[in-house]
Amino acid sequence: MDVAGSIKDRGEVRIHESLDELSTDLVDYIAELSEISVKDRGVFAIALSGGSVISLIRKLCEAPYMKTVDWSKWYIFWADERVVAKTHVDSNYKLAKDHLLSKLPIVPSHVYSINDSLTAEEAANEYEFVIRQLVKTRVVNVSAITDCPKFDLILLGIGPDGHVASLFPNHSALEEKNEWVTFITNSPKPPPERITFTLPVINSAANVVVVATGGGKAEAVRLAIDDVGPECPVLPARMVQPGVGKLVWFLESPAASKLKRFC
Ligand SMILES: O=C1O[C@H](COP(=O)(O)O)[C@@H](O)[C@H](O)[C@H]1O
């Protein structure tokens, strides 16, 4: 790791020179969280994102993780999904399945993908219902403070516009305080219809990881992490502020190149 440090209220920041180093550190971290969670709770409930983050965790399919991680205790969710068929190239489920899940010995019934045969609104409601049932049995833990599900880990990417999951700048979905899962039909990034965890759920997680690679994300990363004063635009990535959970940023150095403290 090239640089590591903590920024008040913005969590821990880990900066890596190469994608390979970032990926190794990231999968080590996930394996560590899985071990702790399985020891504490007997399960590991992880919510994935789509996009570039999936290729960065593919090392989980290699040694030593194949043998050292207790895959039978993993429960998989999605922090966001595009409303397309599961076979569609835009599907976050398909991406994870093709590059990761199909290569791991995860119990098929532990994979909670979003229903692709429903409208966006129906699918969001159904996904929230499914999570509510799993909270009752504590497969997914609950936050004592917010009453929201407390995922052991929510893994997020960040777009060049500062979006996380399918929470986009200036979108009303950012205001959602009651629902755990919501839907949008006008995503600025295609496809337009999406399902997403809301901020209360993201901020109730035990651990949140945000991953950013490439110089195209440097400005979004700066606005999300640095103290940019009152001029700071409303940026979804900046609104990721876990109450009691831990937030860690895994950044490739071009994505961190505009951070004041680290450049
Ligand atoms: O559309 C989406 O974009 C974000 C960021 O993707 P990336 O390829 O720029 O890393 C992703 O995290 C989200 O899950 C996805 O639906």
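Positions are given from 1, in the same order as the sequence printed here. Counting starts at 1 for both ligands and their atoms, following the listed order.
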message: Against the six-membered ring of Tyr93, is Lys86 placed for a cation-pi contact (under 6.0 Å from the centre, within 45° of the normal)?
response: yes

query: Ser204 side chain to Pro200 main-chain N or O, any donor-acceptor pair under 3.5 Å?
result: yes

- prompt: Going by an N to O cut-off under 4.0 Å, is there a salt bridge joining Asp226 and Arg222?
  reply: no

query: Would you say Glu81 touches ligand 1, if touching means a heavy atom closer than 4.0 Å?
result: no

query: Quick one: does Asp80 get a heavy atom under 4.0 Å from ligand 1?
result: yes

message: Quick check on side-chain contact (heavy atoms from CB on, under 4.5 Å): which of Asp152, Asp70, Leu33 does Val38 satisfy it with?
response: Asp70

task: Please find out if less than 6.0 Å separates the ring center of Trp180 from that of Phe197.
output: no

message: Centre-to-centre under 6.0 Å for Tyr112 and Tyr127, is that the case here?
response: no

So which protein heavy atom does [atom] come closest to, and at what separation?
atom: atom 4 (C) of ligand 1; answer: His163 NE2, 3.3 Å
atom: atom 8 (O) of ligand 1; answer: Ser52 N, 3.0 Å
atom: atom 1 (O) of ligand 1; answer: Arg82 NH2, 2.9 Å
atom: atom 9 (O) of ligand 1; answer: Lys217 NZ, 2.6 Å
atom: atom 6 (O) of ligand 1; answer: Lys189 NZ, 3.7 Å
atom: atom 11 (C) of ligand 1; answer: Gly50 O, 3.7 Å

statement: The atoms of ligand 1 lying under 4.0 Å from a heavy atom of Arg194, numbered in the order shown, are 1 (O), 2 (C), 16 (O)

task: Please could you name the atoms of ligand 1 that Gly157 approaches to less than 4.0 Å, counting only its heavy atoms?
output: 12 (O)

- line: Of all heavy-atom pairs linking Glu252 and Gly214, the shortest is OE1-N, 2.7 Å

query: Mind checking whether Phe151 and Phe77 have parallel, tilted or perpendicular rings, split at 30° and 60°?
result: perpendicular

- prompt: ligand 1 versus Leu156, non-hydrogen atoms closer than 4.0 Å: side chain, backbone, both, neither?
  reply: neither

